[in-house]
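This report refers to the structure that appears directly beneath it.
In the text below, chain A, chain B and the rest are named by the order of the sequence lines, each starting its count at 1.
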2 protein chains.
Amino acid sequence: MAEGTEDAARPDRRPRHASILDVAALAGVSPSTVSRSLRGHETVAAATRRRVAEAARELAYTVSPHASGLASGRTLSVGVVVPFVTRWFYANAVAGAHDALREAGFDVLLYHLGDAAARDRFFDRMPLARRVDAVLTLSLPLTDEHTLALRALDMPLVTLGARLDGVSSVRVDDVAAARNAVRHLLHQGHRDIVMITTRQDDEGFGFVAGPDRVQGYRQALAAAGLDARGDVVEAGTYGIEGGAEAMARIMERPRLPTAVLAEYDEVAIGAVRTLRRSSVPVPGRISVVGIDDHEMASVLDLTTVAQPVREQGAIAARLLLDQLDGGAAGPVDVVVPTRLVVRSSTGPPQGA
Amino acid sequence: MAEGTEDAARPDRRPRHASILDVAALAGVSPSTVSRSLRGHETVAAATRRRVAEAARELAYTVSPHASGLASGRTLSVGVVVPFVTRWFYANAVAGAHDALREAGFDVLLYHLGDAAARDRFFDRMPLARRVDAVLTLSLPLTDEHTLALRALDMPLVTLGARLDGVSSVRVDDVAAARNAVRHLLHQGHRDIVMITTRQDDEGFGFVAGPDRVQGYRQALAAAGLDARGDVVEAGTYGIEGGAEAMARIMERPRLPTAVLAEYDEVAIGAVRTLRRSSVPVPGRISVVGIDDHEMASVLDLTTVAQPVREQGAIAARLLLDQLDGGAAGPVDVVVPTRLVVRSSTGPPQGA
DNA sequence: CTGAAAGCGCTAACAA
DNA sequence: TTGTTAGCGCTTTCAG
């Protein structure tokens, strides 16, 4: 078989990418030198490096991640595992992490665990095994089994918006966030404050910060000398619809509370929708406060406790990269600050 | 060197994954049989298949995607390229595509091209080259250069929300969508209808459906015997803030229009925010209609033209998978239906 | 500073 | 139906 066989002779094959051998040949060096040179490795003579770079450009050479990964054991990609990409919080966290990771030269494999089927498939096949160098999980409520599977991967792991023993994490202080929201209401004179939480789904797969926020709510009540049990209404579903439905139930009561704390902004938004449709003035009759500072909070003039989501994604990525660099003395727990944003969905209670 | 060297003897190595050889040994067959068997390939004796499966389970074996990819030339992953994951439309489209792709056994590599730096890096390094088997681009306004780079990949390609010569696509009829929105306003008696569009960013990287929607707006006007140029206001930025800002400019006019068509719901939402803050009644004084049926549209009671986003993502994934299966006679252009959703942000003009 | 050689862990003809 | 034999395209000791 003649070496000179032209492309025309193998019409069915994908047009072959230039390989490291082609670059080596063109640059007049060995493949190993090309490899080293292209990765800025070791000491490669400047002149050589230049020749290699030029040859690579000329041939539009890109390394094969598979070949490289197989040979080196590094994949240059990280897995980002998220329960719902479509929700504001997650989408922003993913964006923040993605940008930081790509900038560092890593690819991002997205694993969206929106439904039970996807979840099961994920945790029992563990598709991450040799596919990524590190894993970032976003606010995933993990069972012991899940946790085990993740640890078994034995690779750098960071959680965002949740804590896991011995694992680095980035989050806000959810207890404090809720406490501050309630304190704001208390300062305005509210004494009858209901909290709306959302239910985790059948597999216990809900928003992981809920319990902490409930705790913060209760702490604030207790500190004000009120009944520390509070008045927690659990919505039957999550998000806007959950908030709307829970608020509807609250409105069936003979006596309305003067204020409502929602577990997160989407819930608050749903609650506001219900109130509006029933022509209950906000904050005239009922004040509503959320947590997150969702992009729609400003549109609805919702008072909320803001947390920097995209930044948390970026920080999480950074932690991951640090671990990959071999740094990292031990797991760290980065707690980023939140801040009360007062808008016009809260005000003094009627008659105050 | 003894073959029996125990793990303890290489304490620094990552705990080695079982390899196909281990499985083969345990099952008492050759590696190729394991390979075939595990992929449900060809005719492998049922008994053998069972033994292999058991051995694999016992050793918690997972194929190395890199090794497999290198050997077979298939990566079992697809690249999803999106301008902004954080926006409702894209997040939902990504979710839809992701779920369908994962279900088919493909991994999803996310490329978020949010800023110019990410964009440039992407198009000139083309990180997709040997990394994925197919590419899905979401509403990406592509320059000729971009298009060329994408085509040079020479792999299955599908676009969502945009068309590209010779490439399969999934989208709505944006011209018709806008036309219907305007028709609704015309039916209500409006004659003075402004359209707000958003600007593409400096690199021309904006929402790609804009021009079609403007065209639909103009067609509807023309059909009603009105000035077909219409009255188009271009916002200085995109999304909610763009809509808010454009609406503010419109309000400086001596005479307000009676209705506004926003290029998409987020723009409409921004416009509504401005109107509310200025206490201009909607729809009493000005009607507002959007396009998309963003999840917040119901909260704000926004009349809009709904499009099924998640479904489009799923359809796009399906097209990609079909192409990978070698099917696909030629490029197809799937146009999914839209539907006017009348809520209370539109109504007859004052005095009508 | 550079090259030669030996894999990384699979898959895919080709035999048997 | 299964096994044997070559690679896939890199990286990485180890020599030089």
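- When side chains are defined from C-beta on, Leu138(B) counts as touching Leu136(B), because their heavy atoms get closer than 4.5 Å.
- In this structure, Leu148(A) CG and Arg151(A) CZ are separated by 8.0 Å, a value rounded to the nearest 0.5 Å.
- Checking dG9(D), dC10(C), dG3(D) against every side-chain atom of Ser19(A), the shortest atom distance belongs to dG9(D).
- In this entry the distance linking NE2 of His66(A) with C1' of dT11(D) reads 16 Å, nearest Å.
- Among dT11(D), dT11(C), dC1(C), the nucleotide with an atom closest to any side-chain atom of Arg39(A) is dT11(D).
- Taking atom CG on Leu70(B) and atom P on dG9(C), their separation rounds to 12 Å, with Å as the unit.
- At dG9(D), none of the side-chain N or O atoms of Arg131(B) fall inside 4.0 Å of OP1 or OP2 (strictly under the cut-off).
- In this entry the distance linking NE2 of His17(A) with P of dC8(D) reads 15 Å, nearest Å.
- For dA12(C), the base has no donor-acceptor partner in the side chain of Ser72(B) [N/O atoms by modelled type, under 3.5 angstrom].
- Between Leu59(B) atom CG and dC10(C) atom P there is a gap of 12 Å when expressed in whole angstrom units.
- Of the candidates dT12(D), dC1(C), dT1(D), dC1(C) carries the atom nearest the Ala45(A) side chain, counting heavy atoms from C-beta on.
- Ring geometry for Phe84(A) versus His112(A): interplanar angle over 60°, hence perpendicular rather than tilted (30 to 60°).
- Ranked by how close their nearest DNA chain D nucleotide is to the 5' end, Gly69(A) and Ser30(B) are led by Ser30(B).
- For Arg74(A) and dT12(D), the shortest distance from a side-chain N or O to OP1 or OP2 is below 4.0 Å.
- Within 4.0 Å (heavy atoms only), Ser37(A) reaches no atom of the nucleic acid at all.
- Atom CG in Leu38(A) sits about 10 Å away from atom P in dC10(D), given to the nearest Å.
- One finds no side-chain N or O of Arg36(A) lying less than 4.0 angstrom from the OP1 or OP2 phosphate oxygen of dG3(C).
- Summarising the geometry, the separation between CD1 on Ile20(B) and P on dG9(C) is reported as 12 Å, rounded to the nearest angstrom.
- Note that NE2 of His66(A) is 7.5 Å distant from OG of Ser72(B), once rounded to the nearest 0.5 Å.
- Between Asp133(B) and Leu324(B), the closest heavy-atom pair is O-CD2, 3.5 Å.
- Phosphate proximity of dT2(C) to Thr48(A): present, with a side-chain N or O under 4.0 Å from OP1 or OP2.
- A donor N or O paired with an acceptor N or O is found under 3.5 Å between the base of dT4(D) and the side-chain atoms of Ser32(B).
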